[in-house]
Amino acid sequence: MGSTVLSLRIDGELLDRLRQHAAKRGMSVQDYVVRTLMRDDFDERFTAAVEETERFYGDARGSVTPPIT
């Protein structure tokens with residue numbers, strides 16, 4: 001997978017906060033932002049997969065029996 005440049009215009013206070021969070025983890029701001037975006041993307045995909053599973057099998061807290069295949 002190649003890389004592409006993404007340029008953002010952000011508020012100075014937000015950039016300062018990003019620098020602080022990145023520094024706490026020993027990361028550059030760029031690496032911190034990329035990892036945060038990747039984590040959020042994973043969280044969204046995981047949530048969607050759980051919801052799809054619940055639609056297929058029924059809510060695990062309910063009394064729906066999974067289909068027999």
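Note that this is a predicted model, so its numbers are computed, not measured. Because only heavy atoms are used, hydrogens play no part in the values below, and waters and symmetry mates are left out as well, while side chains stay in.
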Chemist: What is the distance from atom NZ of K24 to atom CE of M27, rounded to the nearest 0.5 Å?
Modeler: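 Separation between the atoms: 14.0 Å.
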
Chemist: A22 and S28: which non-hydrogen atoms are nearest, and at how many Å?
Modeler: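 Scanning both residues completely, I find the closest heavy atoms to be CB-O, 3.7 Å.
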
Chemist: Can you run down the salt bridge (charged side-chain N to carboxylate O under 4.0 Å, His left out) pairs that involve residues 30-42, sequence neighbours left out, and say none if there aren't any?
Modeler: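 Qualifying pairs, neighbours excluded: D41-R45.
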
Chemist: According to salt bridge (charged side-chain N to carboxylate O under 4.0 Å, His left out), who are the partners of E44, at least two apart in sequence or on a separate chain?
Modeler: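 Expected list: none.
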
Chemist: Name all residues meeting the salt bridge (charged side-chain N to carboxylate O under 4.0 Å, His left out) criterion together with R17; count only those two or more places apart in sequence or in a different chain, and write none if there are none.
Modeler: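 Applying salt bridge (charged side-chain N to carboxylate O under 4.0 Å, His left out) to R17 gives none.
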
Chemist: Indicate, with yes or no, if L37 and L6 share a hydrophobic cluster defined by side-chain heavy-atom contacts under 4.5 Å among Ile, Leu, Val, Met, Phe, Trp and Tyr.
Modeler: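 Yes, because L6 and L37 connect within a single hydrophobic cluster, where side-chain heavy atoms sit under 4.5 Å apart.
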
Chemist: For E51, give me all partners under side chain to side chain contact (heavy atoms under 4.5 Å, CB included), at least two apart in sequence or on another chain.
Modeler: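 Side chain to side chain contact (heavy atoms under 4.5 Å, CB included) check on E51 returns T47, R55.
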
Chemist: Who are the salt bridge (charged side-chain N to carboxylate O under 4.0 Å, His left out) partners of D16, not counting sequence neighbours?
Modeler: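 So D16 forms a salt bridge (charged side-chain N to carboxylate O under 4.0 Å, His left out) with R19.
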
Chemist: Please tell me whether Y32 and V29 are part of a single hydrophobic cluster in this structure, the criterion being side-chain heavy atoms less than 4.5 Å apart.
Modeler: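 Hydrophobic grouping puts Y32 with V29.
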
Chemist: Who passes side chain to side chain contact (heavy atoms under 4.5 Å, CB included) against I10, sequence neighbours left out?
Modeler: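 For I10 the side chain to side chain contact (heavy atoms under 4.5 Å, CB included) partners, ignoring immediate neighbours, are L8, L14, L15, L18.
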
